[in-house]
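Below: the structure, in structure tokens.
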Protein chains: 2
Amino acid sequence: MSTESTKKSRVPLSRERVLRAAVDLADEGGLASLTMRRLGERLDVEAMSLYKHVANKEDLLDGIVDIVVGEIDLPEPGENWRPAMRRRAVSARAMFRRHPWALLVMETRSTPGATTFRYHDAVLGALRADGFSVALAAHAFAVLDSLIFGFCLQEQNLPFDESNVAEMAESMMEAMPTDEYPHLAEIAIEHVMQPGYDFANEFDFGLDLILDGLAGLRDRELREGG
Amino acid sequence: MSTESTKKSRVPLSRERVLRAAVDLADEGGLASLTMRRLGERLDVEAMSLYKHVANKEDLLDGIVDIVVGEIDLPEPGENWRPAMRRRAVSARAMFRRHPWALLVMETRSTPGATTFRYHDAVLGALRADGFSVALAAHAFAVLDSLIFGFCLQEQNLPFDESNVAEMAESMMEAMPTDEYPHLAEIAIEHVMQPGYDFANEFDFGLDLILDGLAGLRDRELREGG
DNA sequence: ACCTGAACACCGTTCAAGT
DNA sequence: ACCTGAACACCGTTCAAGT
């Protein structure tokens with residue numbers, strides 16, 4: 001609570017503080033703005049001092065991925081598999097929207113951290129507890145994760161913000177000769193440019209399609225397996 | 001056919017040649033090795049000369065994405081929707097395995113090129129020609145692309161090569177206390193470490209699950225709408 | 001023990017200068 | 001017209017030196 005705010009930061013540096021600052025920096029300025037030098041600046045420290053708390057930049061990136069994976073809602077004990085899977089999918093998507101850099105960074109990580117293990121374990125546990133065989137739980141996990149990652153990746157690279165769909169469609173129709181791409185034109189006019197269109201709805205469509213399919217396979221397993 | 005192979009390259013530089021060399025460089029050494037300086041080296045030219053054929057590095061990346069998107073099999077006229085969708089999914093996955101950097105680069109592109117338009121148009125066309133409504137074709141496109149992108153992203157970051165599954169499972173069991181992650185341990189022992197396990201099978205599982213679901217929705221549309 | 005200044009080997013990109 | 005050398009403003013990272 002001291003009011004002196006000179007250059008020296010009283011709070012000592014720690015791995016935790018470094019990682020938090022890195023997440024904030026990437027959130028605010030994008031991944032390109034997350035450099036060791038600028039991170040040092042933000043913490044009132046020279047870039048070189050960061051290396052006391054982080055082995056190198058790779059280690060820093062591993063650390064911030066672990067933080068954001070920890071923000072995904074885990075299934076609760078006793079929760080039915082279907083609402084549990086929906087909740088984790090929705091919260092994973094929300095996380096990727098809060099941290100647009102996360103997908104990009106996760107793509108370059110090879111060694112998952114403890115938080116990732118905990119996440120995988122909890123999801124598998126919810127499926128197993130609700131009647132899924134080991135094999136079907138593995139299938140379910142992979143296909144749901146594919147949808148989540150793939151949808152978020154598409155959503156992130158949409159050439160328009162959720163808000164200005166009309167503008168982009170218009171400018172796209174200019175750059176895109178209608179006779180050369182007739183089906184793109186059709187879908188733009190009859191679907192995308194219609195009032196109420198929201199690409200986010202595609203997430204629910206895909207999620208329900210997959211959950212319905214999994215429910216069917218689970219029922220069959222339970223019937224046949226005894 | 002001249003045999004003199006001095007420093008000067010007889011073939012003049014062109015955008016095409018620059019982009020091809022960039023794809024090769026990224027294939028061989030990963031995205032990190034694709035720098036303007038090293039690309040120049042490979043073409044026996046100073047890095048600065050590349051700027052005659054490419055506006056900047058962003059433009060270069062746009063260009064190589066367009067090239068690899070062009071490697072995805074398009075539906076053929078008259079092809080049934082289901083084999084057409086399967087073929088494009090399989091060939092897209094093969095492309096992402098040939099060019100592991102492509103997913104990463106596509107993620108940072110915002111303006112799709114002509115090849116991407118052509119690809120989207122052909123896929124939508126195959127669905128529309130086979131009875132899908134505009135809305136259902138849009139849904140189908142989004143969910144299939146999500147699966148393809150998301151699966152390839154996962155496959156790329158697998159902490160093991162398709163070959164040495166046993167090794168990795170073993171080393172993972174060490175780093176991963178069995179009692180802390182019981183369901184991960186279970187799936188590792190009873191599923192992943194079983195002979196014949198191949199993560200690639202998850203792709204077919206997801207693909208069939210989604211195609212089955214779409215087939216059902218298409219049938220219902222045709223019954224009700226027609 | 002913790003932080004720093006200077007240095008190294010890299011980047012993408014510019015611009016005036018060469019042929 | 002096409003290519004280049006030198007330079008600029010950046011990177012991540014090292015290491016001996018400071019406190």
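Below, chains carry the letters A, B, ... as their sequence lines are ordered, and counting in each starts from 1.
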Going by purine N1 to pyrimidine N3 plus the second Watson-Crick contact, or the G-U wobble pair, all under 3.5 Å, which nucleotide sits opposite [N]?
{"N": "D:dA17", "value": "none"}
{"N": "D:dC8", "value": "C:dG12"}
{"N": "D:dC3", "value": "none"}

Does [N] have OP1 or OP2 under 4.0 Å away from a side-chain N or O of [X]?
{"X": "B:Arg38", "N": "C:dC10", "value": "no"}
{"X": "A:Arg37", "N": "D:dT13", "value": "no"}
{"X": "B:Lys52", "N": "D:dC2", "value": "no"}

Interatomic distance where [atom1] belongs to [X] and [atom2] belongs to [N] [whole Å]:
{"X": "B:Leu60", "N": "C:dG12", "atom1": "CG", "atom2": "P", "result": "10 Å"}
{"X": "B:Leu34", "N": "C:dG12", "atom1": "CG", "atom2": "C1'", "result": "12 Å"}
{"X": "A:Glu41", "N": "D:dC11", "atom1": "CD", "atom2": "C1'", "result": "14 Å"}
{"X": "A:Lys57", "N": "C:dC11", "atom1": "NZ", "atom2": "C1'", "result": "12 Å"}
{"X": "B:Asp59", "N": "C:dT13", "atom1": "CG", "atom2": "C1'", "result": "14 Å"}
{"X": "A:Leu50", "N": "C:dC2", "atom1": "CG", "atom2": "P", "result": "15 Å"}
{"X": "A:Leu31", "N": "D:dG12", "atom1": "CG", "atom2": "C1'", "result": "14 Å"}

Query raised in the report: Does the pair B:Asp62/B:Lys57 count as a salt bridge with the N-to-O cut at 4.0 Å?
Result: no
Query raised in the report: Quick one: do A:Glu41 and A:Arg37 make a salt bridge, cutoff under 4.0 Å?
Result: no
To check you understand the geometry: which heavy-atom pair defines the closest contact between [X] and [Y], and what is its length?
{"X": "A:Ala26", "Y": "A:Leu34", "answer": "CB-CD2, 4.3 Å"}
{"X": "B:Asp73", "Y": "B:Arg88", "answer": "O-CB, 3.6 Å"}
{"X": "B:Glu107", "Y": "A:Leu103", "answer": "OE2-CB, 3.2 Å"}

For the side chain of [X], starting at C-beta, report the closest nucleotide among [options].
{"X": "A:Met48", "options": "C:dG5, D:dC11, D:dT4", "answer": "C:dG5"}
{"X": "B:His53", "options": "C:dT4, D:dC3, D:dT13", "answer": "D:dC3"}
{"X": "B:Glu46", "options": "D:dC11, D:dT4, C:dG12", "answer": "D:dT4"}

Report summary line: Heavy-atom nearest nucleotide on DNA chain C taken for A:Ser49 and for B:Tyr51; more 5' hit belongs to A:Ser49
Requested in this report: For B:Met36, report the nucleic acid contact type (base, sugar-phosphate, nothing); a contact means any heavy atom under 4.0 Å.
Outcome: sugar-phosphate
